[in-house]
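Since the structure comes first, as structure tokens, the remarks are kept for the end.
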Amino acid sequence: MILLQANQIARFFGAEILFQNLHLEVAEKARIGLVGRNGAGKSTLLKIIAGIEAPDEGQIVKNKQATLGYLAQDTGLDSDKTVWEEMLTAFEPVRKMERRMREVELAISQSAESDTNYSRLLKEYDQLQHDFNEQNGYGYENEIRSVLHGFKFDEPFYEQQIATLSGGQKTRLALARMLLVKPDILILDEPTNHLDIETLAWLEDYLQGYAGALLIVSHDRYFLDRVVTEVYELSRHKLTHYAGNYSRYLDLKAAQLASDWKAYEKQQAEIEKLEDFVARNLVRASTTKRAQSRRKTLEKMDRLDRPDGKEKSAHFMFEIDKVSGNVVLQVEDAAIGYEKVLAEPVDLDVRRTDAIALVGPNGIGKSTLLKSLIGQLPFLKGTAHFGTNVSIGYYDQTQADLHSNKTILAELWDEHPTTPEKEIRTMLGGFLFSKEDVEKTIPLLSGGEKARVALAKLAMDRENFLILDEPTNHLDIDNKEVLENALIDYEGTLLFVSHDRYFINRIANKVIELSPTGSRLYLGDYDYYLEKKKEEEEIAALKAEQAAETKTEAEPKKRTYQDREQQKAVRSLTRKITAIEENLSILDETIDQLEAAMVDPTVLNDHVKLLELTNELESKKAEQEQQLNDWEELSLELEELT
């Protein structure tokens, strides 16, 4: 079933077309990824689909029963409640139902069976119980705990005021609340921002099992590969649909482009042949009619447009002035942090041409370690030893080294004053800054533009050891791929922090995991690291099991005594439970007999007899209730023992 359709959607900025004639469908349980260059209009399209903005042309048609949730990128949760109180609001309809159930229970207990409202109350209570169970009424608090845990909010956070949290924490909470609301159509704009790799993996697993439809904008290709099953590409003002995940989309797009070129070139050859025939034969009397026929064929021909191919992308390389020694960096038994140690011991042994990814949860000190290596922060313990001829180029994810009052051209030229302006402009052109663009000042740039300026400065420096902190932040997918290709071709050494697992897989030949207990080296890419981590967990579980078995064998007498005592308790509880079950069977028969007697016509006319039977029935039901409670308690006790 189609939940939402976008038909002939357009958005203009004055005379400029952002996009036009767009068509998109969201079916039940759809998993849609929306991709495209920065500035193509992806976020604008999501706002139009979500009803936040109106299209200049076209319309959005939504199923009236379908609920829709939209979360913009970097949207923080603004609330004066605690974390737990705010998460409970996602289940307000269920909690309202729960309160009504308590009211109906009280009303039933205070009503006699003969009351006219009694049967109505029972019927309402049955329906409430059914609906409450269907909407996870008995498990919504566990669901909240599970989602909060997935986003790294454990119990100490539950009673914390949301207003006191950081921007990144508020963004994660906004996403957590949206997942708990569970709209039929969930629209997410860059949901992977502010998430570390572990949380990203949890979110991917959660979204794979999401009951509703998903429409997601993301630059995280690994995330798209795991979550989406269809891709819409917004490019050159139009929207193109591809079936499959991100990798499948790349294959289909390349195949389509090759097919378009083949058809275009075939038609161009045919056009050239026809035009040549017309030119040679139109003036000759014997062939004029045939030439005119060919000219009509040309005029009627539906000419194919020249395939667009790729949009303009950055193109650059990282080169080095001199080669370093084989040993680039060594760190032994170091500790990093500020006043408090974040990770210890940290050991690094970086060799020339290594490409090492530094991974670990947010807050563990990855950026801190990089800043300690370049001397911006002191090590709490230990030092960094650099090898012969090592020259360091550092990329800061915050672009803090960009001068806010300079133009783009001056930002590079002031650091390389002897380089001709033409060479500076050529370098900036490779990073998509051309003509008047280079006169823009730094404060007017977007995050993606600032990232490209910082990378251009890095390329100009020609250092042989690049230390990069989240270099793919703010870059769209195409420019990420250009950066990857430049780093793959780089002849120097790389040490980088990244949450982009696709990027890590393409670049890294080693992975270093940072944790409170220090650093650990894995000799492979990200997928290899995941595989080894899984092996380590399995080995740890096996060792724990073996240790438990060894401990059991070491204390056979104690265990035998405990087993005997447990067996005695189990036998005792089993006897008690059996006796109660026999009593309950007798009570059931007695209650059935009393209820049958009470509807006998002779008894119905005898008020004294009817009152006696009613009192006896209530007594038996009370006894039955007590026996059931005893049975439940004993059964739980037996379950714990066994």
Side-chain angles (χ1 to χ4, degrees), residues 318-360 362-404 406 411-412 414-417 442 450-451 453-473 487 490-498 507-508 510-516 518-521:
F318 293 107
E319 297 178 337
I320 61 176
D321 277 336
K322 56 185 177 181
V323 178
S324 71
N326 187 48
V327 176
V328 174
L329 167 67
Q330 289 184 317
V331 177
E332 291 183 9
D333 199 25
I336 58 167
Y338 294 89
E339 295 178 359
K340 180 184 176 183
V341 173
L342 294 174
E344 180 187 15
V346 176
D347 297 295
L348 301 175
D349 184 9
V350 182
R351 301 299 169 122
R352 191 181 44 174
T353 71
D354 274 349
I356 302 175
L358 190 62
V359 303
N362 284 348
I364 196 60
K366 300 185 295 295
S367 296
T368 303
L369 174 56
L370 297 191
K371 289 176 181 176
S372 297
L373 291 174
I374 64 170
Q376 283 190 8
L377 288 173
F379 282 100
L380 298 182
K381 177 185 173 185
T383 56
H385 302 282
F386 291 95
T388 307
N389 292 331
V390 173
S391 58
I392 299 172
Y394 174 63
Y395 178 93
D396 181 4
Q397 63 171 311
T398 63
Q399 285 95 42
D401 61 338
L402 296 182
H403 300 87
S404 61
K406 290 186 178 181
E411 185 70 31
L412 270 69
D414 286 355
E415 293 195 11
H416 301 274
I442 301 298
K450 287 180 181 177
V453 173
L455 288 169
K457 288 182 68 175
L458 199 63
M460 285 288 294
D461 292 338
R462 302 171 67 92
E463 312 291 13
N464 58 35
F465 182 27
L466 298 185
I467 297 178
L468 312 175
D469 192 359
E470 294 289 359
T472 60
N473 276 7
L487 292 175
Y490 177 59
E491 295 179 354
T493 306
L494 291 169
L495 175 63
F496 64 94
V497 169
S498 180
I507 304 299
K510 295 179 182 177
V511 173
I512 292 178
E513 181 187 57
L514 206 59
S515 70
S519 60
R520 185 174 178 83
L521 175 66

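Because only heavy atoms are used, hydrogens play no part in the values below, and waters and symmetry mates are left out as well, while side chains stay in.
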Give, for atom [atom1] of [X] and atom [atom2] of [Y], the distance between the pair rounded to the nearest 0.5 Å.
{"X": "Leu468", "Y": "Phe318", "atom1": "CG", "atom2": "CZ", "value": "7.0 Å"}
{"X": "Ile320", "Y": "Ser391", "atom1": "CD1", "atom2": "OG", "value": "8.0 Å"}
{"X": "Glu319", "Y": "Asp321", "atom1": "CD", "atom2": "CG", "value": "9.0 Å"}
{"X": "Gln397", "Y": "Thr472", "atom1": "CD", "atom2": "OG1", "value": "10.0 Å"}
{"X": "Leu412", "Y": "Lys406", "atom1": "CG", "atom2": "NZ", "value": "10.0 Å"}
{"X": "Ile364", "Y": "Ser519", "atom1": "CD1", "atom2": "OG", "value": "11.5 Å"}

When you measure from the side chain of [X] to the backbone of [Y], do you find a donor-acceptor pair of N or O atoms at a distance under 3.5 Å?
{"X": "Asn464", "Y": "Val323", "answer": "no"}
{"X": "Thr493", "Y": "Thr353", "answer": "yes"}
{"X": "Asp354", "Y": "Lys510", "answer": "no"}
{"X": "Lys366", "Y": "Gly360", "answer": "yes"}

Are the side chains of Tyr394 and Leu373 in contact, using a 4.5 Å heavy-atom criterion?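 No, their side chains stay 4.5 Å or more apart.
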Is there side-chain contact between Ile392 and Ile467, with heavy atoms separated by less than 4.5 Å?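 Yes - at least one pair of side-chain heavy atoms lies under 4.5 Å apart.
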Closest heavy-atom pair and its distance - [X], [Y]:
{"X": "Ile507", "Y": "Phe496", "answer": "CG2-CE2, 3.7 Å"}
{"X": "Asp347", "Y": "Glu332", "answer": "OD1-CA, 3.2 Å"}
{"X": "Tyr395", "Y": "Leu458", "answer": "CB-CD2, 4.2 Å"}
{"X": "Phe465", "Y": "Phe386", "answer": "CE2-CE2, 3.9 Å"}
{"X": "Phe379", "Y": "Ser372", "answer": "CE1-O, 3.7 Å"}
{"X": "Glu411", "Y": "Ile442", "answer": "OE1-CG1, 4.0 Å"}

Under the criterion side-chain contact (heavy atoms from CB on, under 4.5 Å), I'd like the reasoning laid out for Ile356 against Leu521: C-alpha separation, chi angles, the key distance, then a yes or no. CA-CA 9 Å; Ile356 302 175; Leu521 175 66; 5.5 Å; no
If you count the non-hydrogen atoms of other residues, nucleotides and ligands that lie under 6.0 Å from CD in Glu491, is the total more than 12?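 Incorrect, the count does not exceed 12.
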Apply side-chain contact (heavy atoms from CB on, under 4.5 Å) to residues Arg351 and Val327 and explain how you reach the verdict. CA-CA 5 Å; Arg351 301 299 169 122; Val327 176; 3.5 Å; yes
Run the side-chain contact (heavy atoms from CB on, under 4.5 Å) check on Leu369 and Val331 step by step: do they pass? CA-CA 11 Å; Leu369 174 56; Val331 177; 5.9 Å; no
For a side-chain contact (heavy atoms from CB on, under 4.5 Å) check, start with the C-alpha distance between Lys457 and Glu415, then their side-chain angles and the critical distance, and finish with the verdict. CA-CA 9 Å; Lys457 288 182 68 175; Glu415 293 195 11; 3.0 Å; yes
